[in-house]
Amino acid sequence: MSPSLDRRRFLTTVMAGAAVVAFDPLGGRWVTAAEAAENAPRTAVAIPHLDGELTTDPAVLAAFADDYGHIVHRTPLAVLRPGSVADVVALVRYANRHKIAISVRGQGHSTYGQSQVGAGVVIDSSTLNRVHEIRPDRVTADAGVTWYELATATLARGLTPPVFTDYLDLSVGGTLNAGGIGGTTQWYGMQVDTVLELEVVTGTGALVTCSPSRHRSLFESVLGSLGQLAVVVRATIRLVPAPESVRGYQLYYSGLGTYLADQRRALAAHRFSSLQGQAQRTAADDGWEFFIDAAVYHRGTRPHDAAATAGLRFDPARTVVTEYTFMQWIDRLRPAVEFLKSIGAWYLPHPWLDVFLPASRTRDVVAATLAELTLADTGQGPVLLYPFRTRRVRPRFVELPREPVAFLFSLLRTTVPPTTVAAQLAGNREVYQRSRDAGGKRYPIGSLQLSHRDWLDHYGRDFPAFAAAKATWDPCRLLSPGQGIFGPPR
Ligand SMILES: Cc1cc2nc3c(=O)[nH]c(=O)nc-3n(C[C@H](O)[C@H](O)[C@H](O)COP(=O)(O)OP(=O)(O)OC[C@H]3O[C@@H](n4cnc5c(N)ncnc54)[C@H](O)[C@@H]3O)c2cc1C
């Protein structure tokens, strides 16, 4: 055993076998308790004290070499299950000394290896999962808390975060590193726009509390930064009074032009509390139809349906109006998810593509894409299509089309044989290029290989500022190299 290993700590962890006790910088590998008992290299350097655990258990490594996409697989050298924020600080500092790459995984629901790291350590944020404090206007929670857990805790006090993603079993840290778009983005921006304060561990291992009034530049840079600048360990998020009930409207359209025009009309008129929509194949599978998926939130007094939908040109014969509790509404995807799990489709590959399109070009891009798209191409996955105001989204590095209104256009593909992942990825590339040519931007949660050139194009005139932020907060480029934006650690 190396003299640099603490013998007492070794003895307490030896039973764990796969638990890591040291790193060998020369061999570039971890030394487990079991190996240390045998013969650890003399160059091994003991890891700092941890409240949690650093493990090399092969089953754990395999689980963290996968995500909801099931397309990219990078096996980490170890996984940290932090027992405290201090563990994250200690690991990041240790990683800086030994040039070890780091990624964070919340719920692993990004689809193309975004949360993975080969030859590095994944921090499993799910062990940082406490809701700390709920006040009338804000909630403070660990980054590993899911939006479902957050909603459950705040709704018990009659309060709610203003914006939810469609699926609630995503971590706070995961969506704050992407953006977090939902039906109320038209009012509040994305989830990143509802954050009042963040506690982060920068790429150099500094624990910093940042907000619009403290370390403002870091605050504005970290939100939506794809894990490039810091590990988010805690967030304080705005709360608003929760509605008691929700009246949901599904309004059907046969024509894309009328659908898009009505979506924009509904947005401009602030008609609905929540505004989303989708394209779907017709029942006869001979074309596409569209529906606005909107809601009016209320407290007791039901809204007048005729007033809520006045002036919109949907097909009245097919309108679906449903009364929900607020929790039923925000969690309305759950029954479908349970069904997909029961038939196994949830576990198939998901080569998703998500882009933001400038409103002026949305019709061209969507029409050209849908003209080529079949049910087999999407594996019957949904096609989201809804507008929001771009000025509501403030973080510096969430890239959007440069128009007042943009549409989210998402092809939520599932790979159902005989369709192949390769064919769907090729389709993603085509749609991405068509979107980009029209001034669109990628929402980087999906499955698309971007070259350095593509990333330069993605960030455009923001790239120098993003690169400068990277050089300041993560100069060794240790954080989230899997995104491929800045090159390997140095
Ligand atoms: C069924 C489903 C529905 C979805 N619906 C929506 C939707 O309506 N709107 C929407 O915007 N998105 C939606 N998404 C996408 C989702 O928001 C992103 O994929 C999000 O990143 C997933 O969160 P996660 O906890 O699984 O993150 P992970 O996949 O674990 O991580 C995503 C990225 O964030 C980084 N990261 C994670 N946690 C931290 C942290 N604490 N600090 C620093 N970096 C971190 C990771 O390294 C990685 O780069 C949906 C995804 C699924 C599977």
Side-chain angles (χ1 to χ4, degrees), residues 64 66-70 72 74 76 82 85 88 92 101-117 120-129 141-149 163-185 189-192 198-203 222-235 274 276 278 293 330-334 336-337 340-341 345-346 350 352 354 356 381-382 384 386 388 393 398 408 410 412 414 443-447 473-474 479-485:
F64 283 78
D66 197 10
D67 55 33
Y68 182 68
H70 309 302
V72 171
R74 299 188 190 104
V85 168
V88 177
V92 175
I102 291 177
S103 192
V104 188
R105 170 169 152 144
Q107 291 292 313
H109 279 99
S110 39
T111 63
Y112 207 59
Q114 287 92 335
S115 65
Q116 301 176 30
V117 63
V121 179
V122 177
I123 299 175
D124 171 8
S125 78
S126 70
T127 58
L128 296 178
N129 57 6
D142 289 339
V145 167
T146 65
W147 288 95
Y148 181 82
E149 292 161 346
V163 184
F164 288 102
T165 48
D166 294 347
Y167 180 52
L168 299 185
D169 293 349
L170 307 170
S171 74
V172 165
T175 68
L176 294 187
N177 270 278
I181 187 170
T184 54
T185 290
M190 296 187 189
Q191 288 175 328
V192 285
L198 287 177
E199 205 171 294
V200 304
V201 178
T202 68
V222 165
L223 291 164
S225 68
L226 309 178
Q228 293 303 306
L229 309 179
V231 178
V232 174
V233 289
R234 201 171 283 187
S274 175
Q276 293 175 284
Q278 298 186 19
D293 183 22
I330 59 175
D331 202 26
R332 66 194 186 285
L333 205 61
R334 193 166 299 273
V337 170
L340 292 173
K341 286 183 177 172
W346 184 256
H350 289 98
W352 286 9
D354 307 80
F356 298 122
L384 309 184
Y386 62 86
F388 61 99
V393 182
V398 174
L408 171 71
S410 292
L412 304 183
T414 302
Y443 183 31
I445 57 169
S447 304
W473 302 111
D474 181 28
L479 298 181
S480 296
Q483 298 274 9
I485 304 172

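Side chains are part of it too, since the values below use all heavy atoms of this structure and drop only hydrogens, waters and symmetry mates. Note that ligands are numbered from 1 as they come in the structure, with each ligand's atoms numbered from 1 the same way.
- Residue Thr165 has no N or O atom closer than 3.5 Å to an N or O atom of ligand 1.
- Note: an N/O pair closer than 3.5 Å links Gly106 and ligand 1 by distance alone.
- In Gln483, the part holding a heavy atom less than 4.0 Å from any atom of ligand 1 is the side chain.
- Residue Asp166 places at least one N or O, backbone or side chain, under 3.5 Å from an N or O of ligand 1.
- Counting atoms of ligand 1 from 1 in the listed order, those under 4.0 Å from a heavy atom of Thr175 are 17 (O).
- Take Asp66 and apply the salt bridge (Lys or Arg N to Asp or Glu O under 4.0 Å) test, not counting sequence neighbours, and it matches no residue.
- For ligand 1 and Ser103, the ligand atoms under 4.0 Å from any heavy atom of the residue are 47 (O).
- Every atom of ligand 1 with a heavy atom of Gly227 under 4.0 Å away is listed here by number and element: 44 (N).
- Taking every heavy atom of Trp346 and a limit of under 4.0 angstrom, the matching atoms of ligand 1 come to 1 (C).
- Side-chain atoms of Asn177 and Gln114 form no donor-acceptor pair, as typed in the model, at a separation below 3.5 Å.
- Here Trp147 has no heavy atoms under 4.0 Å from ligand 1, in either its backbone or its side chain.
- Ranked by closest heavy atom to atom 2 (C) of ligand 1, the top entry among Tyr443, Trp352, Tyr68 is Trp352.
- Among all heavy-atom pairs drawn from Ile445 and Ala178, the shortest one is CG2-CB, 3.6 Å.
- With a 4.5 Å cut-off on side-chain heavy atoms, Trp346 and Val337 count as touching.
- The shortest N or O to N or O distance between Ile181 and ligand 1 is below 3.5 Å.
- Close N/O approach between Gln107 and ligand 1 is found [any backbone or side-chain N/O within under 3.5 Å].
- Using a 4.5 Å heavy-atom cutoff, the side chains of Ile123 and Pro82 are in contact.
- Near Val231, the atoms of ligand 1 lying under 4.0 angstrom from a non-hydrogen atom of the residue are 42 (N), 43 (C).
- For Asp354, there are no salt bridge (Lys or Arg N to Asp or Glu O under 4.0 Å) partners two or more places apart in sequence or in a different chain.
- Near Arg105, with a cut-off below 4.0 Å to any heavy atom, the atoms of ligand 1 are 30 (O).
- Of the candidates His109, Met190, Arg234, His350, the one placing a heavy atom closest to atom 19 (O) of ligand 1 is His109.
- Here Asp331 contributes atom CG and Tyr148 contributes atom OH; the two are 6.0 Å apart, rounded to the nearest 0.5 Å.
- Polar contact check, Gly174 against ligand 1: a nitrogen or oxygen pair lies under 3.5 Å apart.
- Residue Ala230 has at least one heavy-atom neighbour below 4.0 Å for each of these atoms of ligand 1: 43 (C).
- Side-chain N/O atoms of Trp147 and Thr175 include a donor and acceptor closer than 3.5 Å.
- Checked against a 3.5 angstrom limit, the closest N/O atoms of Ser171 and ligand 1 fall inside it.
- Of the protein's non-hydrogen atoms, the one nearest atom 14 (N) of ligand 1 is Leu170 CD1, 3.9 Å.
- Between Leu333 and ligand 1, a contact under 3.5 Å exists for no N or O pair.
- At a 4.0 Å heavy-atom cut-off, ligand 1 touches Ala143 through the side chain alone.
- Close contacts between ligand 1 and Ser480 involve ligand atoms 47 (O) [criterion: under 4.0 Å to a heavy atom].
- Counting only heavy atoms of the protein, atom 43 (C) of ligand 1 lies nearest to Asn177 ND2, 3.1 Å.
- When only interatomic distances are considered, the shortest N/O to N/O separation between Ser115 and ligand 1 does not fall below 3.5 Å.
- Among the atoms of Val232, some N or O lies under 3.5 angstrom from an N or O of ligand 1.
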